[in-house]
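Let me begin by presenting the structure, written as structure tokens, before commenting on it.
So that the names make sense, note that chain A is the first sequence line, chain B the second, and so on, each numbered from 1. Hydrogens, waters and symmetry mates play no part in the numbers below; they use all other heavy atoms, side chains included.
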2 protein chains.
Amino acid sequence: MPIPAPALDALSALLGARLSTSGADRDLHAQSETFHRAPPPDAVAWPVSTQEASRIAAICHAHRVPMIGWGTGTSLEGQALAPQGGLVIDLTKMDRVLEIRAEDMQVSVQPGCTREALNLELRATGLFFPVDPGANASLGGMAATRASGTTAVRYGTMRDNVLALEVVLADGRVIRTGTRAAKSSAGYDLTALFVGSEGTLGIITELTLRLHGQPEEVAAAVCGFSTLEQAVECVTATIQSGIPMARIEFIDADVVRAFNRASGTQMHEGPHLMVEFHGSSASVKGDAEAFGALAAEFGGTGFDWATTPEARAALWKMRHNAYRSCLALRPGATAVVTDVCVPMSHLPAAVAAAAEDIRAEGLLGPIVGHVGDGNFHAQILVTPGDEAELAAAKRVALRMAERAIAVGGTITGEHGVGIGKRPLMPAQHGAAIGVMAAIKQALDPEGVLNPGKLVPEAD
Amino acid sequence: MPIPAPALDALSALLGARLSTSGADRDLHAQSETFHRAPPPDAVAWPVSTQEASRIAAICHAHRVPMIGWGTGTSLEGQALAPQGGLVIDLTKMDRVLEIRAEDMQVSVQPGCTREALNLELRATGLFFPVDPGANASLGGMAATRASGTTAVRYGTMRDNVLALEVVLADGRVIRTGTRAAKSSAGYDLTALFVGSEGTLGIITELTLRLHGQPEEVAAAVCGFSTLEQAVECVTATIQSGIPMARIEFIDADVVRAFNRASGTQMHEGPHLMVEFHGSSASVKGDAEAFGALAAEFGGTGFDWATTPEARAALWKMRHNAYRSCLALRPGATAVVTDVCVPMSHLPAAVAAAAEDIRAEGLLGPIVGHVGDGNFHAQILVTPGDEAELAAAKRVALRMAERAIAVGGTITGEHGVGIGKRPLMPAQHGAAIGVMAAIKQALDPEGVLNPGKLVPEAD
């Protein structure tokens, strides 16, 4: 259903040139990094203030126009697509760092500010924002999808690092959740409710984030293993031993092959762990030695230490580019990329089962993982148009999710639900889906906020 | 309104002797540790299983009978009182540790299990549950009030340490929230929604909790300061310096006087900090030295180290008994006990203003605080029946809350809302109160779950 003319007129009067219905702008906001596809939205709006975002919502609400929040478009389950048409609200013009309160280790930002832009502004303060999903995502988008990434094992996810929000509700009302205090028992935790709600309950227009002290010393290394099982069992043992890892990433042989091709490295094409330690000189040395001893027990060899900041940056850039490097293993391919998260004790079996399943289906599906918290990803390559291959890849993703549920884990550790994982929500949550639906109905009775995402249709 | 006879009959048929309408049982469940008072509930039920709790809820829901969850009755804002009558659901017979999963550092417990009982069971595992509000509260109650306490500065609050819940909803439906994975992006964070909801959205019947490794080394000490300001500024400097304190508690001169009387100690009757360090031998030594150097800068003197486990236990027992020891400063007194939490940079001024306000009102109001996260408490003594004194104490509590809001803090860091802080909720949350009310309405349309608590009446 196209946007009614009176709504378009009202939006145009409010936004002028910051409303577009051009094909180019609409197509730009129909992109997805993965195989998820949907028609372009009917229009795109670029608000510059909370007040404008609020008025946009009021107009859309009055005319029943779907609203889809947009940050950098890097979500992986089709969260920012517009399957029912409507208006994409692009928040990239609301990208300011509003206030750094270094003494409270907090910052207030607008939602379009990216994590890299924030950390650039923080450089001189001795503080940093640690959550790192790989992509240079917007902080509003990261909150909306409850993102985490390589450093969550040490610093937590967006759930742990968002203190307060400003949110525009479905009808344009503006609320503030949370406080600037480190903790609060003053009522329902609305901050936690909006974090991870993927724009289905409101549009985030401001965030207050926790900051952390830049570590005095950082050390990073890569270490090879003979088998996937040994590498993953080393991770489980490391976490159980209490070594405070800042990062501990698993990459399989296919990923290493992709790295070697893309980055010109000459790593042995077997499973590896990429690790990082943060702390004082003494603690980093001690932690690294303790990890080295454990890794040796599991057959870890060929430690390669990145001793300079430049070498570390190159190392993690390579890791962050894993998705694109793996896509390049088969030129022209797209990917079914899926993530699950399981209790640590189930991690080795879960990774091994996924790898075996990919092999049995005859697919190419590199596996990477923020395995320090039991989270791993498969990126299953599919040739566009090859429906049989796509179906096989989806079968693998489904079985990964089913196995995760069976051991008490989750169908997604950090990618979120969007379109892709929505059919699995009942299997994950059982009767609790009814509570999610009741909350959605209470806060968005007209169903205008990111319709078709996260909460399954009622039976 | 008394419980209708058909409801009582149905409850009696279900529970037999585990339903009581005796005056003694009802009075026992009308106790409050503070000045909050309400008539006793109409009846008390002791379910032994989730299934029974579910059936109780279904009966109460059908007959519009208020349901009030009860753990150990140690809440401080009247959360477990029955101002509108109804049925208290006493969960003390559901007190089992269900499953310890040491390799995943998790445990599943029933809600009536207390934190001390849990830690006793965990002793041989090398793990412990760190959240410590002082009272030996039930874990269900601690989750329901989003409790924290002395160790939150290091290990977080119940928000951070509850992974998953089983909850009986208003109408008796049973849901499970969260998973056993360390993180999840699979939909709305219902676990966080129920944690801190004070029994107004459901009755918690099972909890999955995060466990932590027992520290290799523990060191604790008390250190005196000349003025309140110096002590609190030392805390702010300590936290900003990044020393990983396990505990950092402020006690003022009145509290020390109460300790000396109650415990026979001979501490100098001035402000003190009580601190604890957890870690390896080396890190504890380093952290303690770094803190000692900082404390010296702020005039800290007379470090008294508790070097044995017994001495440490005595130290923290004294701290945990602070509430009762302070009450004993005036025999027969009850107390208006209130807590607020502010951003660290505002802590010294906030504590000083509260102390000055108490003095100006001519009240006796010892101040203690889990000041490492900006949280402090005043326990203002009032003589029962002295309405003028009660009114003055409430004025002080109100101004503490107002000043906390003014600097971006919260009206309660850990005691919760209950009856006492409910009138302050609109000032704290503004328009967000409407969202809380909508959620309450969606999940408890009949208003049977702990009515009169947390969410203010609609205008």
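- Heavy-atom distances place both the backbone and the side chain of B:M436 under 4.5 Å from chain A.
- For the residue pair B:S184/A:T410, the side-chain donor-acceptor check at 3.5 Å is satisfied.
- Of the two parts of B:E103, the backbone and the side chain both hold a non-hydrogen atom closer than 4.5 Å to a non-hydrogen atom of chain A.
- Judged purely by atom type and a 3.5 angstrom limit, A:H429 uses its side chain to pair as donor or acceptor with the backbone of B:A186.
- For the side chain to side chain contact (heavy atoms under 4.5 Å, CB included) criterion with B:Y188, the lone passing option out of A:V435, A:T200, A:I433 is A:T200.
- Between B:D189 and A:V195 the shortest side-chain heavy-atom distance does not fall below 4.5 Å.
- For A:Q428, the part lying near chain B is the side chain, with the backbone staying farther off; criterion is any non-hydrogen pair under 4.5 Å.
- Of the atoms belonging to A:R422, not a single heavy atom falls under 4.5 Å from chain B.
- Scanning both residues, A:C341 and B:A181, for their nearest heavy atoms gives O-CB, 3.4 Å.
- In this structure, no portion of B:T177 lies under 4.5 Å from any heavy atom of chain A.
- For A:Q441, no part lies near chain B; criterion is any non-hydrogen pair under 4.5 Å.
- Chain B forms the most heavy-atom pairs under 4.5 Å with one residue out of A:R159, A:H212, A:M425, and that residue is A:R159.
- For chain A, the option among B:G434, B:A192, B:S280 with the highest count of heavy-atom pairs below 4.5 Å is B:A192.
- Chosen from B:T145, B:I411, B:L190, the residue pairing most often with chain A at heavy-atom distances under 4.5 Å is B:L190.
- Counting heavy-atom pairs closer than 4.5 Å to chain B, the top residue among A:G374, A:A147, A:G187 is A:G187.
- Looking at A:M344, the atoms closer than 4.5 Å to chain B (heavy atoms on both sides) sit in the backbone and in the side chain alike.
- Interatomic distance, CD of A:E198 versus OG of B:S185, reported as 7.5 Å (0.5 Å rounding).
- Note: B:D104 CG to A:H346 NE2 = 6.0 Å, rounded to the nearest 0.5 Å.
- Contact check for B:V342 versus A:T179: no side-chain heavy atoms found under the 4.5 Å cut-off.
- Applying salt bridge (Lys or Arg N to Asp or Glu O under 4.0 Å) to A:D373 and the options B:R180, B:R210, B:K183 leaves one that passes, B:K183.
- Ranking A:T208, A:I175, A:V455, A:V167 against chain B, the residue ahead of the rest is A:I175, based on heavy-atom pairs under 4.5 Å.
- Heavy-atom distances place no part of B:A282 under 4.5 Å from chain A, backbone and side chain included.
- Comparing B:G409, B:A438, B:P343, B:A442 by heavy-atom pairs within less than 4.5 Å of chain A, the highest count is held by B:P343.
- For A:A152, the part lying under 4.5 angstrom from a heavy atom of chain B is the side chain only.
- Using a 4.5 Å cut-off between heavy atoms, A:V174 touches chain B through its backbone atoms (N, CA, C, O) alone.
- Among the candidates B:A431, B:A432, B:G413, the residue making the largest number of heavy-atom pairs closer than 4.5 Å to chain A is B:G413.
- For A:L169, the part lying near chain B is the side chain, with the backbone staying farther off; criterion is any non-hydrogen pair under 4.5 Å.
- Your options are B:S283, B:A182, B:G156, B:S345, and the one with the most heavy-atom pairs under 4.5 Å with chain A is B:S345.
- Your options are B:G416, B:G196, B:G430, and the one with the most heavy-atom pairs under 4.5 Å with chain A is B:G416.
- Highest contact tally toward chain B, considering only A:I405, A:L201, A:V417, is held by A:L201 [criterion: heavy-atom pairs under 4.5 Å].
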